[in-house]
Amino acid sequence: MTVRNQETVLVLDRVPIRLPAPLPRLLSEFANQPRPPGWVTNYPNRWLFPAAEPGRHITGSALARRLTDHGIPSRPARATALVQLAQDMPAAVLSALLGLHLSTVTRWRSRAVTDWTAYLEARTFSRAAPGREPGARAVLGNEPSARGS
């Protein structure tokens, strides 16, 4: 963890992540806890999340599993971040940047497409038929004129 321009940044696998309060304080307390016995105590590198091998940190997937074990799911946040990136960047650029296959990024891009046609159709339909619920669809044979009203 480092502090840059009044922001606390955690670097995970070469990716800097700005931390909102109270995470910097909590992670600092976690990092300053006494080290567990074994090789970690004698190794000069102080990883926040050390791996089983000396001098290495745990992988992103191992960290995700640990978070999930503590009731903190990471998949929804990852999916949201990928959809947001897909909205903002071309698929080829995002694919190269994240090291994902182009077809994977293309699927995320298709999920990120904002399509207003369903909304506009519902609004147009509700204005054309007063008294109906917004978005309600007429069912053939149930219109007032078909029932003899």
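Numbers here simply count residues along the sequence, with the first being 1.
There is no path of hydrophobic side-chain contacts, each under 4.5 Å, that joins V11 to L26.
When the side-chain contact (heavy atoms from CB on, under 4.5 Å) test is applied to L67, the partners found at least two apart in sequence or on another chain are L63, I72. Scored by the side chain to side chain donor-acceptor pair (under 3.5 Å) test, E7 finds no partners at all (sequence neighbours excluded). In this view, S95 and L102, V105 satisfy the side-chain contact (heavy atoms from CB on, under 4.5 Å) rule, not counting sequence neighbours. Listed by chain and number, the residues in a side-chain contact (heavy atoms from CB on, under 4.5 Å) with S74 are A64 (sequence neighbours excluded). A search for side-chain contact (heavy atoms from CB on, under 4.5 Å) contacts involving S110 returns nothing, not counting sequence neighbours.
Residue pairs meeting the ring-ring contact (aromatic ring centres under 6.0 Å, His included) criterion with at least one partner in residues 86-107, sequence neighbours excluded, do not occur; the list is empty. Annotation: ring-ring contact (aromatic ring centres under 6.0 Å, His included) contacts involving residues 2-27, sequence neighbours excluded, are absent. Pairs passing the side chain to side chain donor-acceptor pair (under 3.5 Å) check and including a residue from residues 17-27, sequence neighbours excluded, read R25-E29. Applying the side chain to side chain donor-acceptor pair (under 3.5 Å) definition to pairs two or more places apart or across chains, those involving residues 60-71 are T59-S61.
Distance check: T8 OG1 to I17 CD1 gives 13.0 Å after rounding to the nearest 0.5 Å. Atom CG of L82 and atom CG of L98 lie 6.5 Å apart (nearest 0.5 Å). The structure places CG of L85 at 7.5 Å from CG of L97, a figure rounded to the nearest 0.5 Å.
A donor-acceptor pair is defined here as one N or O able to donate and one able to accept, closer than 3.5 Å; such a pair exists between the side chain of T80 and the backbone of P76.
In terms of heavy atoms, P73 sits closest to G71 at CD-O, 3.4 Å.
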For this session: Let me see the working for L27 and L10 under side chain to side chain contact (heavy atoms under 4.5 Å, CB included), right down to the final yes or no.
Result: CA-CA 9 Å; L27 286 175; L10 176 66; 4.0 Å; yes
